[in-house]
Visitor: 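Quick one: the structure is below, and I'll ask about it shortly.
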Amino acid sequence: MINIELKNRHYEILEIVKTQGPITSEHIASLLNVTRSAIRADLNLLTMSGMLEAKPKVGYMYIGSVERQKIADYLNAVRVGDLKSRPVAITDTTSVYDAVVTMFLEDVGSIFITNEAKYLSGVISRKDLLKAAIGGSDIHQIPVGIIMTRMPNVVTVAPADPVVEAARKIMEHEIDALPVVEEIFKDGQILYRIVGRFSKTNITKLFVDIGNKLGGGLD
Ligand code: ADP
């Protein structure tokens, strides 16, 4: 698709074709109170830029909806597993103090917590740690397992989930990140192995990627 600078006349034509297409150039011209030749160049430009399609004997059709569909298809095809980052996890016996240090060193806003067997048991965020720190207890002594948000309340995603689904979970639960997990069935129990991290940063990166792709067309 060619990027062009649209003028008022182009927008008027696009609106007419959007609402009344397929429509002939004579009809468009009459609605604009101009001659057909007055809009010939504009129609050519809009057709060449991929916004309108000229069908012989039928007229002009708006194909902006095709572009929209392409964006929707592209978004639906991107899975959590394609974008996920490396997870940062500590065990539930780690002290609050060490969790704060890990948060600084790893430059993340939340840390996933595992039990002894290394399966997901909770998550801890900046605010959880701040709360514990101002609570007056000895942060060298309290283990994160005591203050974390624990299973089954941890919201997770699977690598095969669409990113749109993960973004919806982040919004709905007002959280910054989700552990990406694989379910393991063991002794009649479902256990969650952490295989990644999906956060608002991953969504921001995807947003920039889509912007770049749209600049050059989505194909
Ligand atoms: P912040 O503390 O910076 O506001 P969040 O918004 O991610 O970070 O966390 C808010 C609360 O939600 C915290 O109590 C945290 O333990 C909890 N939380 C964070 N991530 C999840 C998750 N994936 N599932 C369930 N609860 C979570």
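Ligands are counted one by one from 1 in listed order, and the atoms in each one are counted from 1 as well. Heavy-atom basis, side chains included; hydrogens, waters and symmetry copies ignored.
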Visitor: Report each N/O pair between ligand 1 and the protein that falls under 3.5 Å, naming both atoms.
Guide:
unit_1: ligand 1; atom_1: 2 (O); unit_2: S125; atom_2: OG; d: 2.6
unit_1: ligand 1; atom_1: 2 (O); unit_2: K127; atom_2: N; d: 2.9
unit_1: ligand 1; atom_1: 3 (O); unit_2: R126; atom_2: NE; d: 3.3
unit_1: ligand 1; atom_1: 4 (O); unit_2: K127; atom_2: NZ; d: 2.8
unit_1: ligand 1; atom_1: 6 (O); unit_2: E174; atom_2: O; d: 3.4
unit_1: ligand 1; atom_1: 7 (O); unit_2: D176; atom_2: N; d: 3.0
unit_1: ligand 1; atom_1: 14 (O); unit_2: D128; atom_2: OD1; d: 2.7
unit_1: ligand 1; atom_1: 14 (O); unit_2: D128; atom_2: OD2; d: 3.4
unit_1: ligand 1; atom_1: 16 (O); unit_2: D128; atom_2: OD2; d: 2.5
unit_1: ligand 1; atom_1: 16 (O); unit_2: T149; atom_2: OG1; d: 2.7
unit_1: ligand 1; atom_1: 23 (N); unit_2: V155; atom_2: O; d: 3.1
unit_1: ligand 1; atom_1: 23 (N); unit_2: A177; atom_2: O; d: 3.1
unit_1: ligand 1; atom_1: 24 (N); unit_2: V155; atom_2: N; d: 2.8

Visitor: List the steps, then state whether side-chain hydrogen bond (donor to acceptor under 3.5 Å, both in side chains) holds for N44 with T47.
Guide: CA-CA 5 Å; N44 277 342; T47 311; 5.4 Å; no
Visitor: Looking at K169 and E172, is any side-chain nitrogen of the basic one under 4.0 Å from a carboxylate oxygen of the acidic one?
Guide: no
Visitor: Please assess M148 against D128 for the test side chain to side chain contact (heavy atoms under 4.5 Å, CB included), listing each intermediate value before the final yes or no.
Guide: CA-CA 7 Å; M148 68 185 184; D128 299 327; over 6 Å; no
Visitor: Salt bridge (Lys or Arg N to Asp or Glu O under 4.0 Å) for R126 and D176? Distances and angles first, verdict last.
Guide: CA-CA 10 Å; R126 281 177 284 227; D176 290 345; 3.1 Å; yes
Visitor: Take a 6.0 Å sphere around CG of N153 and say whether it holds more than 12 heavy atoms from other residues, nucleotides or ligands.
Guide: yes
Visitor: Hey, is CG on D138 packed in by over 12 heavy atoms from elsewhere, all under 6.0 Å?
Guide: yes
